[in-house]
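Below: one structure, written as structure tokens.
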Amino acid sequence: MKVTAITCEAYNLLHHGTLVLADISANGIRIDTELLRYNIDKVARMIARTEKELKNSPIWQDWRKRYGSKAKLTSGHQLGCVLMEHYPDTWKEEGRLTATGKPKTDEETLSTIEIPFVQKYVYLSKLNKLRSTYLQGILRETDANGFLHPMFGLGLARTYRSQSDHPNFQNQPIRIPWMAKFIRSCFVARPGRHLVEIDLKGAEVCVSACYNRDPKLIAYVSNPALDMHRDMAAEIFKCTIDQVNKDVRHTAKNLFVFPQFYGDWYLSCAKNIWDAIRKRKLHLNDGTDMFTHLKKKGISRLGACKPKTPALPGTFEKHMQDVEHAFWYDRFKVYTEWKERWFAEYQKKGWFQTLTGFIIQGFLNKKEVINYGIQGSAFHCLLWSLIKLHSYIQRHNMKTLIVGQIHDSILADVPAEELHQFLDIANRIITKQLPAAWPWIIVPIVAEVEASPLGGSWFDKKPVELK
DNA sequence: AAACAGTGCGCG
DNA sequence: AAAGCGCGCACTGTTT
């Protein structure tokens with residue numbers, strides 16, 4: 001793919017953005033190295049204990065017999081071969097083999113084998129990831145003064161997003177709370193300061209609405225009284241919006257709406273949601289178990305989920321097929337028309353231009369053509385804000401330091417006495433100046449703020465009300 | 001010893 | 001017709 005910034009404005013964005021990102025790297029984020037070392041020891045002990053437990057199992061005896069001195073507890077390939085003997089059916093299902101035809105041993109596949117040995121293996125993998133990639137990765141890159149300087153680049157991602165390395169600051173754990181705690185509690189504010197994270201609320205959905213101009217999507221992101229994820233939850237689970245609780249909404253958002261926007265299809269959504277009902281024990285607001293509720297609504301099973309076999313009535317698979325159809329051909333039909341037009345135009349020309357003035361060309365499939373512009377422009381909203389914010393901080397001789405950036409959020413280390421001023425200007429840039437500078441932004445942009453206690457950690461951040 | 005392909009998993 | 005977009009990093013197992 002050829003990467004060319006064409007408009008002058010697009011060039012300037014990358015130019016100034018690069019300078020700001022370099023400054024962010026130079027500032028660095030403070031690391032509690034003592035806690036980091038303590039956590040590394042603690043996780044090491046957890047790993048040792050888990051390995052010992054696994055090695056007491058008869059399955060490990062079997063494993064040893066097979067591989068002798070080459071037997072390795074961390075080898076997914078070896079595990080796959082050992083388990084294949086006892087659970088061959090696990091890998092008979094569609095999509096359970098790797099690209100080279102070997103049995104997959106990812107968490108998703110292994111979660112179907114509900115024996116302690118396998119579940120413990122999954123846990124051990126997580127512990128090893130935590131120790132190697134994150135805790136040790138951070139320690140390795142931390143300088144002698146206790147500051148970490150992640151790098152950020154604008155010249156690599158095909159979407160014109162940024163990337164980060166040494167270490168990657170943009171994939172530090174947050175979704176699994178116990179993992180997040182081990183790591184994020186080591187990222188701390190400098191003395192007398194707060195770590196402040198400012199997020200562009202629903203950035204990609206907002207920017208998507210600016211591309212496709214679907215009136216219903218625009219309404220959803222413009223009217224705080226409306227809630228797309230809640231509405232979709234009600235459709236997916238055949239209930240009223242009052243019956244939707246946080247967990248159910250979260251499931252609809254992350255296992256249907258977002259995947260659909262990225263080009264996923266109903267069959268994979270159906271499987272994932274059905275799994276989530278079981279694993280997360282979903283229920284309605286009044287306490288009714290979700291499976292019981294769906295049964296009452298005429299849905300008693302998932303269905304075969306075979307791509308070439310038509311979905312049968314009374315299955316969740318069939319229901320999700322209908323939900324998907326209504327989603328794209330009724331609710332968001334203007335969005336669908338835009339997708340068709342956008343892709344057809346690309347096929348004719350071989351390139352397209354993003355709303356922020358970048359050309360993207362090369363051999364791309366439909367999903368890439370649909371997604372790249374949205375993903376890139378959403379990040380550029382953040383980058384533009386970041387540049388403005390940085391410039392304001394310099395001009396006003398503020399002591400605030402911007403220390404990181406994660407696609408749609410900014411992390412800053414803010415002296416207590418500057419907190420009010422900082423939040424005020426950041427909010428003004430994001431919600432007022434940004435939409436004023438870019439007329440293609442036709443929906444409100446909202447900032448969300450979280451802050452750590454004084455001298456506290458990234459893990460301890462709590463929402464802050466913006467006035 | 002170094003490079004490479006394949007796999008898996010963390011984040012938005 | 002195919003069946004989720006973008007990244008970085010660690011590890012296994014093989015090849016150079």
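In what follows, chains are A, B, ... by sequence order, proteins preceding strands, each numbered from 1.
The side chain of A:Arg140 places no N or O atom within less than 4.0 Å of a non-bridging phosphate oxygen (OP1 or OP2) of C:dC9. Side-chain N/O atoms of A:Ser75 include none lying less than 4.0 angstrom from OP1 or OP2 on C:dC11. Side-chain nitrogen and oxygen atoms of A:Gln136 include none within less than 4.0 Å of the OP1 or OP2 phosphate oxygen of C:dA10. For the OP1/OP2 pair of C:dC11 and a distance below 4.0 Å, the side-chain nitrogens and oxygens of A:Ser132 include at least one atom meeting the criterion. Checking the phosphate oxygens (OP1, OP2) of B:dG6, no side-chain nitrogen or oxygen of A:Lys102 falls inside 4.0 Å. Side-chain nitrogen and oxygen atoms of A:Thr159 include none within less than 4.0 Å of the OP1 or OP2 phosphate oxygen of C:dC7. Between A:Ser164 and C:dG8, a side-chain N or O to OP1/OP2 separation shorter than 4.0 Å is absent. In this model, the phosphate group of B:dG6 is not approached by any side-chain N or O of A:Lys104 to a distance below 4.0 Å at OP1 or OP2. Under 4.0 angstrom from either OP1 or OP2 of B:dG8 there lies no side-chain N or O belonging to A:Ser125.
In this structure, the CD atom of A:Glu108 is 10 Å from the P atom of B:dC9, given to the nearest Å. Rounded to whole angstrom, the span from the CG atom of A:Asp106 across to the C1' atom of C:dA10 amounts to 16 Å. Here the P atom of nucleotide B:dG12 and the CD atom of A:Gln163 are 17 Å apart, to the nearest Å. If you take CG of A:Leu73 and P of C:dC11, they are 14 Å apart, rounded to a whole angstrom. B:dC11 atom P lies 13 Å from atom CD1 of A:Ile138, rounded to whole Å. As rounded to whole Å, 13 Å separates atom P of B:dC11 from atom CD of A:Glu197. One interatomic measurement links the two molecules: CG of A:Asn254 to C1' of C:dG4, which rounds to 13 Å at whole-angstrom precision. One atom, CD of A:Glu368, and another, P of C:dA1, lie 20 Å apart when rounded to the nearest Å.
Note: A:His229 and A:Phe258 have perpendicular aromatic rings, judged against thresholds of 30 and 60 degrees for the angle between ring planes. A perpendicular orientation is assigned to the rings of A:Tyr211 and A:Trp342, their planes being inclined by more than 60° (bins at 30° and 60°). Between A:Tyr335 and A:Phe261, the ring planes lie tilted relative to each other; the angle falls in the 30° to 60° range. Ring planes of A:Phe147 and A:His149: tilted class, angle from 30 to 60°.
Distances from the side chain of A:Asp165 to the nucleotides C:dG13, C:dC9, B:dG10 place C:dC9 closest. Distances from the side chain of A:Lys129 to the nucleotides C:dG6, C:dC7, B:dG8 place B:dG8 closest. Candidate nucleotides C:dT12, B:dG10, C:dG13 were compared by shortest atom distance to the side chain of A:Thr74, and C:dT12 ranks first. Across C:dG6, B:dG6, C:dA10, the shortest atom-to-atom separation from the side chain of A:Thr100 is found for B:dG6. Distance from the side chain of A:Glu107 is smallest to B:dC9 among B:dC9, C:dG8, B:dC11.
Side chain A:Gln375 to base C:dC5: a donor-acceptor pair is found below 3.5 Å. Not a single donor-acceptor pair, N or O on each side, falls under 3.5 Å between the base of C:dC5 and the side chain of A:Lys367. You'll find a donor-acceptor pair under 3.5 Å spanning the side chain of A:Asn171 and the base of B:dG10, going by distance alone. Looking at A:Arg175, its side chain has no donor and acceptor atom pair within 3.5 Å of the base of B:dG10.
The residue A:Ile406 sits close only to the backbone: its heavy atoms come under 4.0 Å of sugar-phosphate atoms, none of a base. Looking at heavy-atom distances under 4.0 Å, A:Gly76 makes no contact with the nucleic acid at all. A:Lys72 comes within 4.0 angstrom of the backbone, heavy atoms only, and of no base. A:Ala99 comes within 4.0 angstrom of sugar-phosphate atoms only, judged by non-hydrogen atoms across all strands, and of no base. When heavy atoms are screened at a 4.0 angstrom cut-off, A:Leu130 is found touching no nucleic acid atom at all. Among the heavy atoms of the strands lying under 4.0 Å from A:Thr105 are primed sugar atoms or P, OP1, OP2 only; no base atom is included. In this structure, A:Asn371 reaches the sugar-phosphate backbone alone: every heavy-atom distance under 4.0 Å involves primed, P, OP1 or OP2 atoms, never a base. Within 4.0 Å of A:Gln78, counting heavy atoms only, lie sugar-phosphate atoms of the nucleic acid but no base atom.
Salt bridge status for A:Arg66 with A:Glu85: present, with a side-chain N to carboxylate O gap under 4.0 Å. A:Glu337 has no carboxylate O lying under 4.0 Å from a charged side-chain N of A:Arg341, or vice versa, which leaves the two without a salt bridge. A salt bridge links A:Asp322 to A:Lys318: at least one charged side-chain nitrogen sits closer than 4.0 Å to a carboxylate oxygen.
In this structure, A:Met46 places its CE atom where more than 12 heavy-atom neighbours from other residues, nucleotides or ligands lie under 6.0 Å away.
The same atom, C1', is picked in C:dG4 and in B:dC9; the two are 16 Å apart, to the nearest Å.
With a cut-off of 3.5 Å on both Watson-Crick or G-U wobble distances, the partner of C:dG4 is given as none.
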